[in-house]
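Down below is the structure, laid out as structure tokens.
All values derive from a computational prediction rather than experimental measurement.
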Amino acid sequence: MNNSIVLLIPYYNNSEGLLQSLRSIDPDEELDVIIVDDGSVVDKFDEDIVRSNFKAKGTVLFEYLKSNKGIETALNSGLKISIEKKYKYIARLDCGDSCLGKRFAVQKAFLEENPEIKIVGSNVLAVDTKGHFLYSINLPLDDSNIKKKMYLNSMLIHPAVMFCSEILDSVGLYPLNHKFAEDYAFFFMISQKYKMANIEEYLTQIEINANGISLKKRKQQVRSRITIIKKYFYFGFYPIYGLVRNYVLLFLPYNLILAVKKIRK
């Protein structure tokens, strides 16, 4: 194995989104890809077509779960393979999301230049399913601000992160007990032990799909976030404000939240 980076993509019935994501990777990037099929039955992909849409310098690996277990289990299957194959860096991307520029080279260089940082994300652009711009997501860049504002919402965008695989020895895998907020819980676990950062550049574009799990299951997701905030709670402005904010979000319609995000873009 020559590449030090592996890109983990969970897959479930979205072949066009998968191909779009793979096509967005710059041909000069050096990385391998692990695609974990979470028991798809409606829209299975063709491995040859998948490989032909991946132009970067690396190989595509496939893992198939026998039945639909949920994204947490799919991600953990990919992490186990990444550990077994001894990749140094693990990056994330979801089907339908796109890489901007030489995202992986930029993130790898950042981690190598800042060895105290073990996970790095970036600012992100959000588009609808037709590729129309919705809003930009500008995140805190330094460890201190990320950790304070994590109590409001995740300050790392899951499909935009890259982290050092060594942290899995102490942090472990994605937790299975925070449905639809496994990434939020995972980042909190990392935050207790390691430094975090975001790169100011927009390196990832995410697709906002009204039929996606995050929107259909939004209330469950917010409830999970509240549970996580309570787990790491201390008496301070951000934890208190974060709890109040998330309780309010439980009762707000998503269309109103999206409208506010567009206004703030």
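At a threshold of 4.5 Å between non-hydrogen side-chain atoms, the residues Ile35 and Val33 count as touching. Contact of the Lys55 side chain with the Ile25 side chain is not registered, since no non-hydrogen atoms from C-beta on lie closer than 4.5 Å. You'll find the side chain of Phe233 reaches within 4.5 Å of the side chain of Ile240, heavy atoms only. Residues Leu243 and Lys230 meet the side-chain proximity criterion, which asks for heavy atoms closer than 4.5 Å. Counting only heavy atoms from C-beta outward, the side chains of Val120 and Val161 never approach each other to under 4.5 Å.
Scanning all heavy atoms of the two residues, the minimum distance from Met189 to Tyr232 falls at CG-OH, 3.5 Å. Taking both residues in full, the closest heavy atoms of Ala181 and Ser224 are given as CB-CB, 3.6 Å, listed atom of the first, atom of the second, then distance. Heavy atoms only, all atoms of each residue included: Asp94 and Ser21 are closest at O-OG, 3.2 Å. In this structure, Arg92 and Leu7 approach most closely via the heavy-atom pair C-CD1, 3.5 Å. Residues Ala74 and Pro10 share a closest heavy-atom pair of CB-CB, 4.3 Å. Smallest separation of non-hydrogen atoms from Asn76 and Leu176: ND2-CD2, 3.7 Å.
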Verify side chain to side chain contact (heavy atoms under 4.5 Å, CB included) between Leu19 and Val50, making sure each step is shown before the conclusion. CA-CA 6 Å; Leu19 299 182; Val50 167; 4.2 Å; yes
Run the side chain to side chain contact (heavy atoms under 4.5 Å, CB included) test on Thr73 and Leu65 for me, step by step, so that the C-alpha distance in whole Å, both residues' side-chain angles and the decisive distance to 0.1 Å come before the verdict. CA-CA 9 Å; Thr73 300; Leu65 304 187; 4.3 Å; yes
Could you walk me through whether Phe186 and His178 pass ring-ring contact (aromatic ring centres under 6.0 Å, His included), step by step? CA-CA 10 Å; Phe186 186 60; His178 296 294; over 10 Å; no
Set out, in order, the CA-CA distance, both residues' side-chain angles and the distance that settles side chain to side chain contact (heavy atoms under 4.5 Å, CB included) for Ile229 and Asn246, then state yes or no. CA-CA 9 Å; Ile229 292 170; Asn246 277 278; 3.4 Å; yes
Walk me through whether Tyr247 and Leu249 qualify under side chain to side chain contact (heavy atoms under 4.5 Å, CB included). CA-CA 5 Å; Tyr247 274 116; Leu249 288 175; over 6 Å; no
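In this structure, Glu201 has no salt bridge (charged side-chain N to carboxylate O under 4.0 Å, His left out) partners at least two apart in sequence or on a different chain. Evaluation of the salt bridge (charged side-chain N to carboxylate O under 4.0 Å, His left out) rule for Asp143 yields Lys147 as partners, not counting sequence neighbours. Tyr64 meets the side chain to side chain donor-acceptor pair (under 3.5 Å) test with Glu47; sequence neighbours excluded. Remark: Ser15 engages Asp43 in a side chain to side chain donor-acceptor pair (under 3.5 Å) (not counting sequence neighbours). The side chain to side chain donor-acceptor pair (under 3.5 Å) check on Lys102 picks up nothing, with sequence neighbours excluded. Applying the side chain to side chain donor-acceptor pair (under 3.5 Å) rule to Asn114 yields no partners; only residues at least two apart in sequence or on another chain are considered. The salt bridge (charged side-chain N to carboxylate O under 4.0 Å, His left out) check on Asp48 picks up Arg51, with sequence neighbours excluded.
Legend: salt bridge (charged side-chain N to carboxylate O under 4.0 Å, His left out) pairs involving residues 103-129, not counting sequence neighbours, sorted by first then second residue: Lys118-Glu166. A salt bridge (charged side-chain N to carboxylate O under 4.0 Å, His left out) check over residues 70-81, counting only residues at least two apart or in different chains, returns the pairs Glu72-Lys179. For residues 181-195, the set of pairs meeting the side-chain hydrogen bond (donor to acceptor under 3.5 Å, both in side chains) definition, not counting sequence neighbours, comprises Ser170-Tyr194. Screening residues 106-126 for ring pair (Phe, Tyr, Trp, His ring centres under 6.0 Å) gives no qualifying pairs among residues at least two apart or on separate chains. Within the structure, ring pair (Phe, Tyr, Trp, His ring centres under 6.0 Å) pairs that include any residue of residues 4-31 comprise Tyr11-Phe45 (at least two apart or interchain).
Judged purely by distance below 3.5 Å, without hydrogens or angles, the side chains of Asn3 and Tyr89 never pair a donor atom with an acceptor atom.
When each of Phe235, Tyr241, Phe188 is paired with Tyr151, the ring pair (Phe, Tyr, Trp, His ring centres under 6.0 Å) condition holds for Phe188 and for no other. Considering Leu125, Leu93, Ile157, Leu100 in turn, Leu93 is the only one that fulfils the side-chain contact (heavy atoms from CB on, under 4.5 Å) rule with Thr204.
Note that the CD atom of Gln220 and the CG atom of Leu250 stand 10.0 Å from one another [nearest 0.5 Å]. Rounding to the nearest 0.5 Å gives a distance of 6.5 Å between CG of Leu139 and CD1 of Ile137. Interatomic distance, CD of Gln20 versus CG of Asn14, reported as 8.5 Å (0.5 Å rounding). Annotation: the span from Asp26 atom CG to Leu31 atom CG amounts to 10.5 Å, rounded to 0.5 Å. One distance of note links CG of Leu18 with CG of Asn53; it measures 8.5 Å at 0.5 Å rounding. In this structure, the separation between CD1 on Ile90 and OG on Ser82 is 4.0 Å, given to the nearest 0.5 Å.
In the hydrophobic clustering of ILVMFWY residues, with side-chain heavy atoms under 4.5 Å counting as a link, Ile206 and Met162 come out apart. Transitive grouping of hydrophobic side chains (ILVMFWY, heavy atoms separated by less than 4.5 Å) keeps Tyr202 and Ile199 in distinct clusters. Note: the hydrophobic cluster containing Phe104 does not contain Ile34 (ILVMFWY, side chain heavy atoms under 4.5 Å, direct or indirect links). Tracing side-chain contacts under 4.5 Å through hydrophobic residues (I, L, V, M, F, W, Y), one reaches Leu75 starting from Ile81; they form part of the same cluster. Each of Tyr87 and Ile9 belongs to its own hydrophobic cluster when Ile, Leu, Val, Met, Phe, Trp and Tyr are linked at side-chain heavy-atom distances under 4.5 angstrom.
Remark: the backbone N or O of Arg223 is paired with a side-chain donor or acceptor of Thr227 at under 3.5 angstrom. No donor-acceptor distance shorter than 3.5 angstrom exists from the side chain of Gln205 to the backbone of Ser98, with no hydrogens or angles considered. In terms of modelled atom types and a separation under 3.5 Å, the side chain of Asn68 and the main chain of Asp38 share a donor-acceptor contact. Listed for the Asp32 side chain is no donor-acceptor partner under 3.5 Å among the backbone atoms of Val60. Remark: the backbone N or O of Asn13 is paired with a side-chain donor or acceptor of Ser40 at under 3.5 angstrom. A donor-acceptor distance shorter than 3.5 angstrom exists from the side chain of Glu29 to the backbone of Ala105, with no hydrogens or angles considered.
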